[in-house]
Amino acid sequence: MNHNMKILIVDDFSTMRRIIKNLLRDLGFNNTHEADDGNTAWPMLRSGNFDFLVTDWNMPGMQGIDLLRAVRADPQLCNLPVLLVTAEARRDQIVLAAEAGVNGYIVKPFTAQTLKEKLDKIFERLAATA
Amino acid sequence: MEQAERLALARQLVDALERGALDTAEHCLHALSEQRGSHLLRQVAEVTRDVHQAFGGVVSDQRLYEISKHAMPDARERLSYVIEKSEDSAHRTLTAVETMLPIAERLSTAEAADVRAAGVSLKAGLTDVLMAQEYQDLTGQVIKKTIDIVEQVELKLVSLIIAERLATGHAVTGTKPARGEATGPAIKPAADVMNHQHDVDDLLAELGV
């Protein structure tokens, strides 16, 4: 796993962005950037050479699920790994996210350990299919 | 009058049946059932009028006007205040944690074993404090949702009051969340809500993610 990878954290709550940023730093990822909703994140993703996207679902403006769909529909970004970290926990939502091509799904409240496990799993899978 | 009419029709019906005059019997039956139908309609109309009057009385109540005009906007402001204050507090905690984490990190790689151990547990404790600030996101989402609901009720109430003042009816329609619509954190367990990360993992595994 490349610890220099460029990660975008998208959440409308600045406290949550800070928490995820700190957790990622603790796991050795220091190259993190932040956006407060899909609309802010989209131009950053288009021009920023990001390697990984961590996004919330429920945000004003562009929601996380729509950001995920936009990423998958974009020829340049379609292979970007996406992890949803959200309080949305209904079955139909998780199915929808899976259908949209999410790589991992963490339900809030979560633990540092859960984040580590999901990241490991996502990169293991990506390495296996590469 | 009504009663007498019905009795007369019933007698005619019996008479017609006895005579075997099926056409007349049919006619009487039809008239009887029609009368019954119009009676039902009249009852429905009465109930509707009663409901409308009772409802109009509630809507034109001055207290309800006060609630929609002052109490509800005030409630929304109070809820926004809770979000603001808890956000400030969470950020202060996060700043303190971020200042202390590198110190704990340094201690956890110190030469003396006891200092190292202290550093490790300090780091674990600080990570716990960090994660605990997650409440601000979760409660914040719930409060935002509640503010939305209060605002919607407020708007409905205002339009009801206006409608009542214009002496016209106002239908209140409800909507169900569309598939996949974001509804915020689950506050109580429900059949279609994943309460644990492992439930989510199981579902994702089923879906091949």
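Values below: every heavy atom of this structure, side chains too, minus hydrogens, waters and symmetry copies. Sequence lines set the chain letters: A, B, ... in the order given, protein chains first and strands last, and positions in each chain run from 1.
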Participant: Does a side-chain N-to-carboxylate-O contact under 4.0 Å join A/Lys108 and A/Asp11?
Facilitator: yes
Participant: To the nearest 0.5 angstrom, please state how far the CD1 atom of A/Ile20 sits from the CG atom of A/Asp56.
Facilitator: 8.0 Å
Participant: Under 6.0 Å from the CG atom of A/Asn49, do we count more than 12 heavy atoms belonging to anything else shown?
Facilitator: no
Participant: Side chain from CB out, backbone as N, CA, C, O: work out which of these in A/Ile19 comes under 4.5 Å of a heavy atom of chain B, or both, or neither.
Facilitator: both
Participant: Using a 4.5 angstrom heavy-atom cutoff, name the option from A/Val107, A/Thr15, A/Asn103 with the most pairs to chain B.
Facilitator: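 Going by pairs under 4.5 Å, I would pick A/Thr15.
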Participant: Less than 6.0 Å separating the ring centroids of A/Phe52 and A/Phe123?
Facilitator: yes
Participant: Salt-bridge test for B/Asp74 and B/Arg78: reply yes if a basic N is under 4.0 Å from a carboxylate O, no otherwise.
Facilitator: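 Counted as a salt bridge, because a side-chain N and a carboxylate O are separated by less than 4.0 Å.
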Participant: So what's closer than 4.5 Å to chain A heavy atoms on B/Asp201: side chain, backbone, both or neither?
Facilitator: side chain
Participant: Given that the side chain runs from C-beta out, which part of B/Thr95 has a heavy atom under 4.5 Å from chain A: side chain, backbone, both or neither?
Facilitator: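 Both parts, backbone and side chain.
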Participant: Between B/Gln197 and chain A, which part of the residue has a heavy atom less than 4.5 Å away: side chain, backbone, both or neither?
Facilitator: side chain
Participant: Measure A/Ile106 against the heavy atoms of chain B and call it side chain, backbone, both or neither at under 4.5 Å.
Facilitator: both
Participant: Decide, yes or no, whether a salt bridge links A/Arg17 with A/Asp12 under the criterion of side-chain N to carboxylate O below 4.0 Å.
Facilitator: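 Looking at A/Asp12 together with A/Arg17, the answer is no, because their closest N to O distance does not fall below 4.0 Å.
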Participant: Measure distances from B/Leu138 to the heavy atoms of chain A and classify the residue's part below 4.5 Å as side chain, backbone, both or neither.
Facilitator: side chain
Participant: Counting only non-hydrogen atoms closer than 4.5 Å, does B/Leu130 touch chain A with its backbone (N, CA, C, O), its side chain (CB onward), both, or neither?
Facilitator: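 Contact with chain A is through both the backbone and side chain of B/Leu130.
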Participant: In terms of heavy-atom proximity below 4.5 Å to chain B, should A/Thr111 be classed as side chain, backbone, both, or neither?
Facilitator: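 Backbone only.
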Participant: Has B/Glu66 got more than 12 heavy atoms of other residues, nucleotides or ligands less than 6.0 Å from its CD?
Facilitator: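 Result for CD/B/Glu66: enclosed.
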Participant: Relative to chain B, which of A/Pro109, A/Ala98, A/Gly101, A/Ala97 shows the most heavy atom pairs under 4.5 Å?
Facilitator: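 Ranked by heavy-atom pairs under 4.5 Å with chain B, first place is A/Pro109.
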